[in-house]
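Step one of this worksheet: look at the structure below.
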2 protein chains.
Amino acid sequence: MASTATGGLPEASLRERKKATTRANLHLAAVRLALERGTEAMTVEEVAAAAGVSPRTFFNYYETKEDALVGADPGRAGRVREAVLARPSGEPVDRAVRTVLLEHVRGLEADPQLWRMRRELAARSPALAARIAGAGDQLETVLVEAAYGRTGSDPALDLETGLTARVAMAAVRAAFHQHRAAGFVGSLAARAEAALDAVGVGSAG
Amino acid sequence: MASTATGGLPEASLRERKKATTRANLHLAAVRLALERGTEAMTVEEVAAAAGVSPRTFFNYYETKEDALVGADPGRAGRVREAVLARPSGEPVDRAVRTVLLEHVRGLEADPQLWRMRRELAARSPALAARIAGAGDQLETVLVEAAYGRTGSDPALDLETGLTARVAMAAVRAAFHQHRAAGFVGSLAARAEAALDAVGVGSAG
DNA sequence: GTGAATGTTGCACTGACTGCAAGTTGTGCC
DNA sequence: GGCACAACTTGCAGTCAGTGCAACATTCAC
């Protein structure tokens, strides 16, 4: 449940907890069914049934079938932004971005089963891969905004800050593809660290 | 017609030329209507009518409504790959990637009208922006593959090559966003060159 | 000019997605 | 413990994207 909106904190009201589990159940059901029967062949009706809700309710949780497949998380952008801004004020931007990004990567791997299924799905469905890329771009945009938020500089004049955040994302993508090429042995986070070192974004020192 | 599959070459058979213009007409009609009435409100039927074909034919050219809006080009990946591989064999990879990427950027700006409308659309529709990001990712993937094709190295071992291509894409994205922040004055290609210099990808010298 | 490809169209159909209104369940309060 | 409000779920009816198929039209190659 590493990807639910509430972050899995045991607090929150009954209502909130139920919503979080329904959301997670829908995502899981969608991923499982997509792996069983294919992304296109699987219908929303089936996913809803598997998660124990009505088809209409499905759309109360995810705007589209694809959103359910990738486990779209409306709160993610806000949380990432806050995480970057919450880093110690003395910390350099690249270090802040690096830390938050690596934390995010660890979150992806946190549930190995789900992580594996998601990878599998992305590999099988080009449309889904494109969708995930879109989500990655959204993440990149948030990181860039947060980075400029820290420096307070003008995006029209300061290329450097945005470039740092984008290069960091490029490093993580490169790490992922290397990881795949290597048969997913070891941890993505470790590869991502190495890639970030290679591009000189926030290396310890 | 900077974005048509045949690249605007005056040769090709009548059939090919007709297909190319129909394709371009559909894209243009889609973009215009989307700007007029909104991406969602506009229907495929309207777009087809505006381009003078039946709705059924629309789907012979574009798989989805969004594909028509972004002017999806099935041949792009292949052309980019070839362009990278066609660079002089003595040329370093980063230089080859830089050259092809900059050429691609110039192609985007080639038709200022269309370029402006596309920007406008992306700014208005988040769904479309995500789609465009997906297309950007596909371009990145092709560049990476072509880069490895040039070096002949193993993607599982050689991180550097892929990283170079991805950093180059990051630079172009950063350049675009700076361009936007600056109100789109001047040329994107010039900003992209500066950004590529900043990250040290294929700088002259 | 003729036959083979290739492209266009209409038709019928599936399934994603939406607005609305009614029913159900959790929450806060006495 | 029960009441009143808010939030969530559901069914219904409808719109529209997208697809397979078969008939028709156009272009091509010789």
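Throughout, a chain's letter reflects where its sequence line sits, starting with A, and its residues are numbered from 1. Only heavy atoms go into these numbers, but all of them, side chains included; no hydrogens, no water, no symmetry mates.
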Kindly say whether [Y] contributes a backbone atom to a donor-acceptor pair with the side chain of [X] at under 3.5 angstrom?
X        : Y        : value
B/Tyr148 : B/Thr161 : no
A/Thr57  : A/Asn60  : no
A/Arg76  : A/Ala135 : yes
A/Tyr61  : A/Ala20  : no
B/Arg173 : A/Asp137 : no
A/Glu109 : A/Leu188 : yes
B/Glu46  : B/Thr43  : yes

Practice problem: Using the side chain to side chain contact (heavy atoms under 4.5 Å, CB included) rule, pick out the option among A/Thr39, A/Leu26, A/Ile132 that qualifies with A/Leu69. | Solution: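 The side chain to side chain contact (heavy atoms under 4.5 Å, CB included) with A/Leu69 is passed solely by A/Thr39 among A/Thr39, A/Leu26, A/Ile132.
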Quiz item: Do A/Met117 and A/Leu114 touch side chain to side chain, with heavy atoms closer than 4.5 Å?
Solution: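 Side chain of A/Met117 against side chain of A/Leu114, heavy atoms only: contact under 4.5 Å found.
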Exercise. Using the six-membered ring wherever Trp is involved, compare the ring planes of B/Phe184 and B/Phe176 and label them parallel, tilted or perpendicular (cut-offs 30° and 60°).
Key: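 Because their plane-to-plane angle lies in the 30° to 60° range, the rings of B/Phe184 and B/Phe176 count as tilted.
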Quiz item: Going 5' to 3' along DNA chain C, which nucleotides are the first and last within contact of chain A (any atom under 4.0 Å from a heavy atom)?
Solution: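 First-to-last contact on DNA chain C, by the 4.0 Å heavy-atom rule, is C/dA16 to C/dT27.
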Nearest-angstrom distance from the residue atom [atom1] of [X] to [atom2] of [N]:
X       : N      : atom1 : atom2 : value
A/Lys18 : D/dT10 : NZ    : P     : 10 Å
B/Arg17 : D/dT26 : CZ    : P     : 17 Å
A/Leu26 : D/dT9  : CG    : C1'   : 12 Å

Self-check item: Nucleic acid contacts - residues 34-47 of chain B versus DNA chain D, non-hydrogen atoms under 4.0 Å
Solution: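 The answer is B/Met42, B/Thr43, B/Val44.
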Exercise. Could you list by number each residue of residues 52-68 of chain B showing a heavy-atom separation from DNA chain D of less than 4.0 Å, or answer none if no residue does?
Key: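 Listed by number, they are B/Arg56, B/Phe59, B/Glu63, B/Thr64, B/Lys65.
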Quiz item: Do NZ/NE/NH1/NH2 and the carboxylate oxygens of A/Arg106 and A/Glu103 come within less than 4.0 Å?
Solution: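 Looking at A/Glu103 together with A/Arg106, the answer is yes, because their closest N to O distance falls below 4.0 Å.
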Exercise. Using a strict cut-off of less than 4.0 Å between a Lys/Arg side-chain nitrogen and an Asp/Glu carboxylate oxygen, indicate whether A/Glu120 and A/Arg124 qualify as a salt bridge.
Key: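 Salt bridge flag = yes for A/Arg124 with A/Glu120.
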Self-check item: Neighbours of DNA chain C within residues 129-136 of chain B, by heavy-atom distance under 4.0 Å
Solution: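 When residues 129-136 of chain B is checked for heavy atoms under 4.0 Å from DNA chain C, there are no hits whatsoever.
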Quiz item: Closest heavy-atom contact between A/Gly202 and A/Asp94?
Solution: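 Nearest pair, atom of A/Gly202 first, then A/Asp94: N-OD2, 2.9 Å.
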Quiz item: Can you list the residues that meet the ring pair (Phe, Tyr, Trp, His ring centres under 6.0 Å) rule with A/His104, with sequence neighbours excluded?
Solution: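 Result, ring pair (Phe, Tyr, Trp, His ring centres under 6.0 Å) vs A/His104: none returned.
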Quiz item: Which angle, rounded to 10°, do you find between the first-five-pair axis and the last-five-pair axis of the helix from C/dG1-D/dC30 to C/dC30-D/dG1?
Solution: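 Here the local axes at opposite ends form an angle of 40°.
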Quiz prompt | B/Arg81 atom CZ, neighbour heavy-atom count above 12 within 6.0 Å | solution =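 Enclosed.
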